[in-house]
Amino acid sequence: MSAANVTRTQVGIVGAGPAGLVLGHLLHLQGIESVVLEDRSREYVEGRVRAGVLEQGTVDLLIEMGVGERLKREGLVHHGVELRFGGKGHRIPFDELTGGRGITIYGQQEVVKDLIAARLESGAPLLFEVEDVRPEAIDSDSPVLRFSHGGEERELRCDVVAGCDGFHGVCRPAVPDGALSFREHSYPFGWLGILAEVAPSSEELIYCHHDRGFALHSMRSPELTRLYLQCEPDESIDRWPDERIWEELHTRFACEGWSLEEGPIVERGITPMRSFVAEPMQYGRLFLAGDAVHIVPATGAKGLNLAVADVRVLADALVRWFSTGDDTLLEGYSEACLPRVWKAQHFAWWMTSMFHRMPDDRDGFMARLQRAQLEYVCSSKAAATSLAENYVGLAYLSAPVDQIV
């Protein structure tokens, strides 16, 4: 390999999703060099629709980083959520229960666009459509990322590798067998999700418990509505033509004085529901973040927010290490992140268990328990506060990155 194809950086980041791009920008603001590698095209990364609910802490961080101008203009700030069951809606006021905090609806793809624009403006390296990424020597002081780009073999020598490349990425499998433990749970249902070109029928999200199954009314913009239906995990999307989807949505959301507006469906898909955590979140000089190391059911709206929380902790640790040589925070990365990860897993499990029809509930026992729990949450300030605190986001477990701007 020619010397021209061998480069060096302080942090090699695999993955240009929210985790990798937030980490790269936080490091850039502190004068720490990084290279971000992404196997997809820029068009694909900026176009894939994923999460859309941002916790208060995520929003605050993006603004502090200087990448929140469009978010402030276009994001839809919500101060509450509706829980609907028995044909009636019950509002949980986030701001009243959490000292003024809330959530912001702003699509993950929009967050990624803003971060990519900031990265390119900074001049920091961001390579799309890389192939055959191979993390090597991750248990040494000089890890290497080998990959192909533009038809040429490349070698990136690093001090640290950050694996932000998702559940199906290459970084977690690079850890030797037996070094990580895996804990996972598959739920006996999936979500059928659609994106419809129609104004949202509600100003806030609606979580709906119904005998036929869970439903969720969300949105991505004032012109785009995001809707979900509980379905079988192995359901074929071909069995769900537009007419059946809208009919089922109307049935589950039925509520006196409220109507669901219909529009052209521009995207649809079915996603199984599962939980996954790998522990620890680090091995040698490899540090895993986001979906590469944990998956949560979408019911709790935690996936993107957990990824951002991970890299905030990692950025703190790297700033300390590169500036002072103190590796205490770096060695304690997993210990700092995992409590938050498991709290988020619990919240997502709790929300999932409370709203979804259980397939083996033949006599309706579980449905009655769910109804009792929902009635309690909506009548008890303490229970409602617990839901609100978790939904808007628990406090970060580490101090903010020093001198973000």
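All residue numbers refer to positions in the sequence shown, counting from 1.
Separating the SG atom in Cys164 from the CD1 atom in Ile13 is a distance of 6.0 Å, to the nearest 0.5 Å. In this structure, Leu61 CG and Gln56 CD are separated by 12.0 Å, a value rounded to the nearest 0.5 Å. Note that CG of Asp327 and CH2 of Trp321 are 8.0 Å apart. Values are rounded to the nearest 0.5 Å.
For the 3.5 Å distance criterion, the side chains of Ser148 and Asp132 fail to qualify, holding no donor opposite an acceptor. With 3.5 Å as the limit, one finds a donor-acceptor pair spanning the side chains of His209 and Gln370.
Electrostatic pairing of Arg244 and Glu247 does not count as a salt bridge here, judged by no charged N lying under 4.0 Å from a carboxylate O. Ion pairing between Glu155 and Arg157 holds under the 4.0 Å rule for side-chain N and carboxylate O. A salt bridge between Asp159 and Arg8 is present, with a side-chain N of the basic residue lying under 4.0 Å from a carboxylate O of the acidic one. Residues Arg101 and Glu389 are not paired through a salt bridge, judged by the lack of any N-O separation under 4.0 Å between the basic side chain and the carboxylate. In summary, Arg70 and Glu110 engage in a salt bridge, as defined by a charged side-chain N under 4.0 Å from a carboxylate O. Note on Arg371 versus Glu375: salt bridge recorded, some NZ/NE/NH1/NH2 to OD/OE distance being below 4.0 Å.
Note on residues 212-222: pairs passing salt bridge (Lys or Arg N to Asp or Glu O under 4.0 Å), not counting sequence neighbours, are Arg212-Glu248. The salt bridge (Lys or Arg N to Asp or Glu O under 4.0 Å) analysis of residues 186-198, with sequence neighbours excluded, yields no pairs.
Checked against a 6.0 Å centroid threshold, the rings of Phe94 and His79 do not count as neighbours.
Trp246 and His250 have tilted rings, their planes meeting at an angle from 30° to 60° on a 0 to 90° scale.
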Verdict with supporting geometry, Tyr228 and Arg226, side-chain hydrogen bond (donor to acceptor under 3.5 Å, both in side chains) | CA-CA 7 Å; Tyr228 297 94; Arg226 189 74 162 160; 2.9 Å; yes
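Taking the side chain to side chain donor-acceptor pair (under 3.5 Å) definition, one finds that Glu261 meets it with nothing, sequence neighbours left out.
Both the sub-6.0 Å distance and the 45° axial angle are not jointly satisfied by Arg183 relative to the ring of Trp342.
Of all the heavy atoms in Leu304 and Pro18, the pair that sits closest is CD1-CG, 4.1 Å. A pairwise comparison of heavy atoms in Leu338 and Ala278 identifies CD2-O, 4.5 Å as the closest pair. The two residues Ile116 and Val45 have their closest heavy-atom pair at CD1-CG1, 4.2 Å. Minimum interatomic distance between Arg48 and Gln109 (heavy atoms only, all atoms of both residues): O-CB, 3.4 Å.
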